[in-house]
Amino acid sequence: MDVPPFNRSAMDGYAVKAKDTFGAGQFKPVILKIIGEIHAGESPEKKIKTGQCVQISTGAVMPEGADAVMMVEDTEREGPEVKIFKSITPGSNIGKIGGDIKEGVIVLKAGILLDAAKSRGPGLARVSNRKGLRKT
């Protein structure tokens with residue numbers, strides 16, 4: 001299983017089409033319409049079209065149509081719109097599918113002592129042992 005199993009926002013900000021931000025600057029911001037919000041644990045309900053964006057939280061699933069996340073620090077919200085003060089490239093501020101662990105990669109080999117520190121690794125939510133635990 002890929003971890004994460006979806007493209008996710010690496011920070012709080014706005015999920016955008018990067019090309020919509022090209023040419024933006026401090027004195028010439030690009031203005032995008034905010035069409036919704038996505039928080040971690042929620043599924044996106046809207047598709048981003050040209051001139052639109054979605055406010056997004058760190059860890060949230062990227063909505064269809066968005067290819068970058070503009071950091072909130074480089075924006076200014078004004079009601080239903082947001083001013084973007086810099087350009088961003090596609091893929092910026094996104095954690096890609098399998099970016100932490102690719103499907104098929106061995107994360108822990110048989111016979112390795114699993115201690116508390118190792119059990120907190122990326123994507124390791126539950127540990128099972130068919131033969132039972134043994135004290136060493």
Side-chain angles (χ1 to χ4, degrees):
M1 174 174 139
D2 286 326
V3 176
F6 51 82
N7 289 333
R8 64 181 174 194
S9 175
M11 59 192 53
D12 292 342
Y14 294 89
V16 300
K17 288 184 173 291
K19 68 179 181 177
D20 285 346
T21 71
F22 295 168
Q26 192 65 34
F27 301 106
K28 187 182 172 193
V30 168
I31 298 174
L32 300 177
K33 180 180 179 185
I34 302 167
I35 62 166
E37 292 181 20
I38 305 170
H39 301 282
E42 297 177 349
S43 295
E45 296 178 2
K46 298 183 179 179
K47 179 180 178 178
I48 305 293
K49 298 178 183 170
T50 300
Q52 298 178 332
C53 66
V54 168
Q55 188 173 351
I56 194 163
S57 299
T58 303
V61 178
M62 289 294 293
E64 187 178 342
D67 62 2
V69 175
M70 178 61 64
M71 294 189 314
V72 71
E73 294 87 350
D74 296 317
T75 68
E76 183 179 312
R77 186 173 180 154
E78 291 185 350
E81 298 177 326
V82 64
K83 290 181 180 178
I84 307 291
F85 293 105
K86 71 183 251 186
S87 297
I88 195 167
T89 57
S92 294
N93 304 318
I94 296 176
K96 299 289 188 183
I97 294 172
D100 294 337
I101 301 172
K102 281 287 200 197
E103 183 172 355
V105 171
I106 296 173
V107 178
L108 191 64
K109 293 182 180 181
I112 299 294
L113 177 63
L114 182 62
D115 60 21
K118 290 177 187 154
S119 69
R120 296 180 56 104
L124 196 54
R126 193 174 117 212
V127 177
S128 65
N129 181 335
R130 290 181 215 130
K131 295 180 183 179
L133 299 174
R134 65 186 162 110
K135 189 175 180 178
T136 59

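Keep in mind that what you see is a predicted model, and the values were worked out from it rather than measured.
Using a 4.5 Å cut-off on side-chain heavy atoms (C-beta onward), E76 and V82 make no contact. Looking at I34 and P80, their side chains never come closer than 4.5 Å, going by heavy atoms from C-beta outward. With contacts defined as side-chain heavy-atom distances shorter than 4.5 Å, the pair V16/I48 does not qualify.
In terms of the salt bridge (charged side-chain N to carboxylate O under 4.0 Å, His left out) criterion, K49 has no residue partners (sequence neighbours excluded). Under the salt bridge (charged side-chain N to carboxylate O under 4.0 Å, His left out) criterion, K46 pairs with no residue, sequence neighbours left out. With sequence neighbours left out, T75 forms a side chain to side chain donor-acceptor pair (under 3.5 Å) with no residue at all. E73 is linked by a side chain to side chain donor-acceptor pair (under 3.5 Å) to nothing, counting only residues two or more places apart in sequence or in another chain.
Closest approach of F22 to P90, counting heavy atoms only: CZ-CD, 4.5 Å. The two residues I35 and Q52 have their closest heavy-atom pair at CD1-OE1, 3.5 Å.
The backbone N or O of G51 sits less than 3.5 Å from a side-chain atom of D20, completing a donor-acceptor pair.
Annotation: the span from E81 atom CD to I31 atom CD1 amounts to 5.5 Å, rounded to 0.5 Å.
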Less than 3.5 Å apart, which donor and acceptor atoms pair up between the side chains of residues 53-72 and the rest of the protein, not counting sequence neighbours?
{"unit_1": "Q55", "atom_1": "OE1", "unit_2": "R77", "atom_2": "NH1", "d": "2.6"}
{"unit_1": "S57", "atom_1": "OG", "unit_2": "H39", "atom_2": "ND1", "d": "3.1"}
{"unit_1": "T58", "atom_1": "OG1", "unit_2": "D12", "atom_2": "N", "d": "3.1"}
{"unit_1": "T58", "atom_1": "OG1", "unit_2": "D12", "atom_2": "OD1", "d": "3.1"}
{"unit_1": "D67", "atom_1": "OD1", "unit_2": "A18", "atom_2": "N", "d": "2.6"}

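Note on M11: it does not cluster hydrophobically with I84, by side-chain heavy-atom contacts below 4.5 Å among ILVMFWY residues.
Under the side chain to side chain donor-acceptor pair (under 3.5 Å) criterion, no residue pair touches residues 25-35, with sequence neighbours excluded.
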